[in-house]
Every structure is written in structure tokens, then in C-alpha cells.
Participant: 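Provided herewith is a single structure, encoded as C-alpha cells, for subsequent inquiry.
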Amino acid sequence: MTLLQLFQWLGHSAVGIFMQQSTYAFAVVEMVHLLSLAILGGVILVIDLRVLGFGLKSQTPGGLAQELKPFLAGSIAISAISGILLLSEEPIKCYYNPAFRLKMLFLGVALVFYFAIQERFLLAPSTGPSALLAKWASVVSLLLWLSVGLAGRAIGFI
Amino acid sequence: LLQRFCQWLYDSGIGTAIRESIWVFPIIETVHVLGIALLVGTVAILDLRLLGLALKREPVSRVASGVLPLTWAGFAVMFVSGFLLFWSEAAKSYGNPAFRLKLLLLFLVGLNPLVFHFTIYRRVGEWGALVVTPLRARLAAVFSLTLWGGIVCAGRAIAYFQK
């Protein structure tokens, strides 16, 4: 099955048909998507800004990331599910939408960057060369998530 | 009078410029959502601490003083970008039910921390280290989370009513 076929299948699935026919489903799911984004963005911002020296200074970056991990994971799950529901409303249009493709690319990179790379820096000692690397990683992370947001907004606009 | 003021804003040079340019409006919108993420994200962390769900080992006052600068930064970004968005749509927003609801909720959400601060928070030294905080503190947290959720939803709904 190609990716295009998967998107076609999503559009013809029961969920897709429901999303296309309902008057309010799209609006409601979009609000849920936004609410989970507020939490997701908030957690990312608080962690990255902590690494850069702003905010909850009584916590170490690693400890803060550990404490907020359930909320990060939960908001990623909710935004992914609501995002797929939104996608099922018009999958083929999204498939060919450059903003959608760009957003998926940035999102993939941002997630891999956080869980594969940044989490390790967060636990590193807060002085020495690793601290500087951690700061740069946070700047990269903020830029990646900003790109996800900008591309996401552009989907509805192109 | 308010309506005239809204119309005047709407017709002004800056309002028209934001409305008629292709990219400026969605870019301000994106910045607005980022400001909301910072504001609501930090408020939610404090609320979740009051409910005993996050940062349990940290005293409430330390969480509050830690997130507060970020909350204000998020508020500034949200307020400025929100006002610019309103500027370009003022005449349409004036009668928009979602916009009116949002302003009402914003007023209430501003009242909540004031009441909280001048009542139960005064004695934060006595209960700030507890995992389960007093009922009134937990109530304030539930109000805050509910109201902010409502504000995000009403804010999104503005665009659905904007014709």
C-alpha cells in the first residue's frame, strides 16, 4: 500500500466519512487539537527555556523533563489522534498540500530530535561543554517546533 | 460608541494593512498561538501542582515564582498579537458571539488569580509544601484550567462566526 492509498483509505473509512458529513465534528476536533497543542507547546517551552536559564530554576532541566514527561506524552497522543481525525476530513487535499508535507517533516524531525538526542543532554551536568551543547539543542528544538506551528497554520491557508 | 471605535480601528491604515496582506494575518495568528502555549502551558503547570498532579515535591510558592516570568512573557506576546488581530477585524468582531464570550471568559480568568492571591495564597507558607493543597486552592486550579480551555475554544470559534 502506498502512502497515497493509505490517505485514500482514510478518506473512505467510517471515521473519514463521519468527519466529512458532520457539521460540528471538524470544529470540535480542531478545538481539542488546539488544547492539546497548548499543553504540548507549553511543556516544550518550559523545558527549553529552563535549559536556557529562564523559569523554574529550582528544578534541574533533567528533573523538570522527567516530571513533565507524562504531560508531554499525553499531549502528543491527543494531538496525534485529533490530527488524524482532522486529516481524515480531506486527506487527498492534504497529501498534495506542501504546507502539510512540510509540517509532517518538521514534526518528525522535532520528535526524533527530542526523544533521541535532546533528552540525553537534559540529564547531562549543568556545567562544562555539555551544558553549552544542551543550550544549543534547546535553541534548535524551539526553532523546530516553531516551524511545525508555522507550517501547521499554513495548511489551512494554502 | 464601542461599535464606532471598532469601525474606526477596522478602517485605520494598520487594520487595513493587516487584513489585506496575504501573510501578515496568519503569521500574527501563529505568534498568538505560541504566546497562548507559553501562557496556558505555564498556568497549567501551576494549576496541576495545586491539584497535586505535577512537580509534587516542589513547594507551591517556588513553582509559582518559577513560572511567573514565563507566564507574563506569554501574556505579553498573546495580548499584543491578539490586539493586532482584533485591530484588523474589529468591526466584524464587535458583534461576533464567540468574541464576546471570549472577552467575558478572559475577564473571569483574570479575576480568578486576584481572588486566589488575596485569600488562600496569603497563607501559602502553611500549606505550600503539601502534595494535596487546600480545597480552595484546588478549586482555583480547576476554575483556571476550565476557563483557559474555554478561552482557547471560544478563540478558535471566532473564525467560524466571522462572516
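Throughout, a chain's letter reflects where its sequence line sits, starting with A, and its residues are numbered from 1.
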Participant: For A:Leu68, is it the side chain, the backbone, both, or neither that has a heavy atom closer than 4.5 Å to a heavy atom of chain B?
Facilitator: side chain
Participant: Ignoring hydrogens, what is the shortest heavy-atom contact between A:Glu67 and B:Lys56? Give both atom names and the distance.
Facilitator: OE1-N, 4.2 Å
Participant: At a 4.5 Å cut-off on heavy atoms, which part of A:Glu30 comes close to chain B: side chain, backbone, both, or neither?
Facilitator: side chain
Participant: Find out if a path of hydrophobic residues (ILVMFWY) with successive side-chain heavy-atom gaps under 4.5 Å connects A:Val148 to A:Leu111.
Facilitator: yes
Participant: Kindly compute the distance separating OH (B:Tyr160) from OH (A:Tyr24), expressed to the nearest 0.5 Å.
Facilitator: 12.0 Å
Participant: Could you tell me if the side chain of B:Leu70 sits less than 4.5 Å from the side chain of A:Leu49, heavy atoms only?
Facilitator: yes
Participant: Heavy-atom cut-off 4.5 Å, strictly under: side chain, backbone, both or neither for B:Ala54 against chain A?
Facilitator: both
Participant: Grouping I, L, V, M, F, W and Y whenever their side-chain heavy atoms are under 4.5 Å apart, do A:Leu6 and A:Leu10 come out in a common cluster?
Facilitator: yes
Participant: Examine whether an atom of B:Ala73 lies under 4.5 Å from a heavy atom of chain A, and if so say whether it belongs to the side chain, the backbone or both; otherwise answer neither.
Facilitator: neither
Participant: Might you confirm whether atom CD1 of B:Ile22 has over 12 heavy atoms from other residues, nucleotides or ligands at distances under 6.0 Å?
Facilitator: no
Participant: Who among A:Ile39, A:Val32, A:Leu34 has the most heavy-atom pairs with chain B under 4.5 Å?
Facilitator: A:Leu34
Participant: Would you find more than 12 non-hydrogen atoms of other residues, nucleotides or ligands less than 6.0 Å from B:Phe143 atom CZ?
Facilitator: no
Participant: I need the A:Leu56 CG to B:Leu46 CG distance, nearest 0.5 Å.
Facilitator: 9.5 Å
Participant: Nearest heavy-atom pair of B:Pro26 and A:Arg153: which atoms, and what distance?
Facilitator: O-CG, 3.9 Å
Participant: Mind checking the CG-CG spacing from A:Leu45 to B:Leu38? Nearest 0.5 Å is all I need.
Facilitator: 5.0 Å
Participant: I'd like to verify something: which residue of A:Arg50, A:Lys57, A:Gln59 has the highest number of heavy-atom pairs under 4.5 Å with chain B?
Facilitator: A:Gln59
Participant: So which atom in A:Ser58 and which in B:Arg62 form the shortest heavy-atom distance, rounded to 0.1 Å?
Facilitator: CB-CD, 3.6 Å
Participant: Decide whether A:Ile84 and A:Trp9 are clustered together by the hydrophobic rule: side chain heavy atoms of Ile, Leu, Val, Met, Phe, Trp, Tyr closer than 4.5 Å, transitively.
Facilitator: yes
Participant: So B:Ile45 and A:Val46, side chain to side chain contact (heavy atoms under 4.5 Å, CB included) or not? Walk me through it.
Facilitator: CA-CA 9 Å; B:Ile45 286 176; A:Val46 166; 3.7 Å; yes
Participant: Quick check: is A:Val15 connected to A:Val29 through a chain of hydrophobic side chains (ILVMFWY, heavy atoms under 4.5 Å apart)?
Facilitator: yes
Participant: Would you say A:Val28 ends up clustered with A:Phe26 if hydrophobic residues are merged whenever their side chains have heavy atoms under 4.5 Å apart, either directly or through other cluster members?
Facilitator: no
Participant: What are the residues of residues 136-147 of chain A, in order of number, with any heavy atom under 4.5 angstrom from a heavy atom of chain B?
Facilitator: A:Leu146
Participant: Between B:Val43, B:Val31, B:Leu48, B:Leu53, which has the largest tally of heavy atom pairs under 4.5 Å with chain A?
Facilitator: B:Leu48
Participant: If you count the non-hydrogen atoms of other residues, nucleotides and ligands that lie under 6.0 Å from CZ in B:Phe79, is the total more than 12?
Facilitator: no
Participant: Could you tell me the separation between the CZ atom of B:Arg156 and the CG atom of A:Leu35, rounded to the nearest 0.5 Å?
Facilitator: 12.0 Å
